[in-house]
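Before any comments, here is the structure.
Keep in mind that this is a model prediction, so the values were computed, not measured. Positions are given from 1, in the same order as the sequence printed here.
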Amino acid sequence: MRLFLVLLFPLIMISSYAQRDLSGWHQLAPPDTVGVWIQPAQGKLAMPIWGHANGIMVGLSPLPGPRGLIRIYTPYLDYEFPEVMNFIAFEPIPVGAEERGYSELEMSSLDRGEWGKRFWSSDDDSAVLPLNEAYPARGVVEEIDGEETLTLYVFSEPFDNGAKVYARLRFYEFRPYEFEIATYRYDGSVDLDYFITTATMGNKARLRTLYLKDRQTSSLEIWPDYKDIHFTSREYFSQEEMIHDKKGNIYFIAAPDEEDYSQTVFTHDTKLHWQYRGKYATQYWIKETSHEGLQGVVAGRFTYWNSEAPIPGGISIENLELNSPFKNGEKFIFGIIPLSAEEFIGRINK
């Protein structure tokens with residue numbers, strides 16, 4: 001009966017779909033595997049999942065997790081779907097403003113009583129009006145410079161600060177552990193100083209060590225005395241401090257300081273979804289073209305989000321991001337690679 005109603009009244013059902021019990025997500029059609037890609041099923045209520053069949057994938061609500069966030073899945077780390085390894089949040093800053101918009105934390109203006117901005121997907125950049133989330137975009141497969149790619153667009157409802165933004169996500173066939181994010185604002189938006197896409201759950205893997213050009217630094221050193229249940233202040237690093245490769249690409253890299261997650265001891269009040277026991281991996285951002293004002297930024301937490309449960313081993317990096325003055329179409333790359341930071345940096349240097 002529910003399927004009949006959705007098919008009969010797809011536009012009316014947009015809001016009720018967004019507000020329905022998220023425990024029903026598993027009733028959605030699983031994605032298709034098409035060559036090297038994972039893509040949503042078409043013509044039916046479907047799970048919004050895209051990415052590499054044997055690598056990194058992304059998803060949207062109503063898959064488990066807060067609204068207003070892109071989910072990142074890494075089954076190659078023995079961490080199977082629907083467990084989320086990290087999230088990407090949208091955080092635009094209007095010209096002259098100091099405070100960010102927060103896609104996860106703001107109330108929806110489309111779905112009454114819901115925290116988190118509504119996200120929807122599209123195969124192109126024209127979907128500035130909300131589309132029916134029940135039928136996610138397939139994503140466009142095409143060849144670019146001799147390499148097959150999968151591209152989709154993720155739009156957000158307007159922010160309270162007047163920002164109207166979307167991002168283009170693009171996966172490349174020969175880069176299974178990373179994807180490109182290009183950031184845009186659409187018509188009617190306020191002008192922006194920044195449109196930050198932040199990786200906002202580094203404490204799942206307990207990221208602690210930042211790898212810079214001439215040194216390493218730890219969250220334990222950056223915030224040695226912090227024991228509160230909130231976020232720390234942000235710490236900023238210039239592009240001159242970050243690692244560069246021979247092509248001029250800039251890397252902002254973070255990794256755990258523990259190698260065997262099976263030995264981790266959690267407190268009794270730590271929720272199961274925080275108890276990561278998958279494989280070790282390094283997380284990173286890449287900026288392929290230098291931009292004046294580019295900075296690497298981190299924020300930390302001593303306890304897990306929305307709890308008083310301490311993070312094993314001490315304070316860790318929660319937010320990992322690159323901040324670059326806004327320019328429509330600015331590109332960033334985010335990745336989670338199953339290598340140690342030293343191995344990954346060795347590849348960069350080659």
Side-chain angles (χ1 to χ4, degrees), residues 55-56 72-79 83-88 175-179 181 197-224 226 231-232 234-239 241-245 249-266 274-287 294-302 304-305 310-323 332-350:
I56 200 165
I72 300 177
Y73 305 108
T74 55
Y76 52 91
L77 298 178
D78 290 344
Y79 203 52
E83 296 296 338
V84 177
M85 187 62 170
N86 211 328
F87 293 107
I88 297 290
R175 307 178 220 173
Y177 306 123
E178 64 186 37
F179 57 94
I181 304 176
T197 54
T198 180
T200 186
M201 196 172 68
N203 63 9
K204 170 65 80 70
R206 300 189 291 285
L207 301 179
R208 288 204 176 88
T209 305
L210 279 178
Y211 289 78
L212 304 170
K213 182 173 64 176
D214 297 321
R215 63 188 175 98
Q216 300 174 20
T217 188
S218 167
S219 54
L220 303 173
E221 299 168 341
I222 297 172
W223 307 287
Y226 191 87
F231 285 91
T232 66
R234 297 185 181 98
E235 191 77 9
Y236 294 82
F237 299 86
S238 70
Q239 59 181 303
E241 295 178 88
M242 290 184 270
I243 293 171
H244 295 57
D245 68 14
N249 300 325
I250 300 167
Y251 294 76
F252 194 45
I253 302 169
D257 63 353
E258 53 192 293
E259 297 182 1
D260 186 358
Y261 287 106
S262 68
Q263 302 301 312
T264 305
V265 177
F266 296 91
W274 291 121
Q275 298 184 28
Y276 178 68
R277 299 191 186 279
K279 293 181 179 179
Y280 178 100
T282 297
Q283 302 192 26
Y284 59 91
W285 286 97
I286 304 174
K287 189 72 177 68
L294 178 70
Q295 293 181 303
V297 184
V298 293
R301 287 190 65 89
F302 179 76
Y304 287 110
W305 166 256
I311 298 169
I315 194 167
S316 66
I317 295 168
E318 174 77 313
N319 287 69
L320 180 74
E321 61 193 47
L322 286 177
N323 291 185
F332 306 85
I333 294 170
F334 180 74
I336 303 178
I337 192 168
L339 294 174
S340 70
E342 290 78 8
E343 291 171 317
F344 180 53
I345 293 168
R347 288 190 178 188
I348 294 171
N349 291 333
K350 289 182 180 179

**Request:** Mind telling me whether Y251 and F344 have parallel, tilted or perpendicular rings, with 30° and 60° as the class edges?
**Result:** perpendicular
**Request:** Fit a plane to each ring of F179 and F334, take the angle between them on a 0 to 90° scale, and name the class: parallel (under 30°), tilted (30 to 60°) or perpendicular (over 60°).
**Result:** perpendicular
For the backbone of [Y] and the side chain of [X], can you confirm whether one donor and one acceptor N or O come within less than 3.5 Å of each other?
X	Y	value
E178	R175	no
N86	I72	no
E221	S218	yes
T74	L77	no
W285	L320	yes
Y261	A205	yes

Would you mind reporting whether [Y] and [X] have side-chain heavy atoms less than 4.5 Å apart?
X	Y	value
Y73	M85	no
V297	L322	no
I286	I250	no
R234	V298	no
I311	S316	yes
I222	T217	yes
E321	Q295	no
L212	I243	no

With sequence neighbours excluded, what pairs up with [X] under the side chain to side chain donor-acceptor pair (under 3.5 Å) test?
X	value
N319	T198, T200
W274	none
R347	none
Q239	S290

**Request:** Please list all pairs passing the salt bridge (charged side-chain N to carboxylate O under 4.0 Å, His left out) test where one or both residues lie in residues 250-259, with sequence neighbours left out.
**Result:** R206-E258, R208-D257, R208-E258
[X] to [Y] - nearest heavy-atom pair and separation:
X	Y	result
A281	P256	O-CD, 3.2 Å
Q216	E342	NE2-OE2, 4.3 Å
S219	L207	OG-O, 4.3 Å
Y76	P338	CE1-CD, 3.9 Å
A341	A255	CB-CB, 4.0 Å
G300	W223	N-CH2, 3.5 Å

**Asked** What residues form a ring-ring contact (aromatic ring centres under 6.0 Å, His included) with Y211, not counting sequence neighbours?
**Response** none
**Fill in**
Per side-chain hydrogen bond (donor to acceptor under 3.5 Å, both in side chains), Y79 is matched among K204, K279, R277 by K204
**Message:** Ring centres under 6.0 Å, that's the criterion: do Y284 and F252 meet it?
**Reply:** no
**Request:** Would you please test Y226 and F231 for side-chain contact (heavy atoms from CB on, under 4.5 Å) and show each step?
**Result:** CA-CA 9 Å; Y226 191 87; F231 285 91; 5.7 Å; no
**Asked** Distance from Q275 atom CD to T264 atom OG1, nearest 0.5 Å?
**Response** 9.5 Å
**Item:** Passing option when T282 is tested against I336, I253, T209 for side chain to side chain contact (heavy atoms under 4.5 Å, CB included)
**Value:** I253
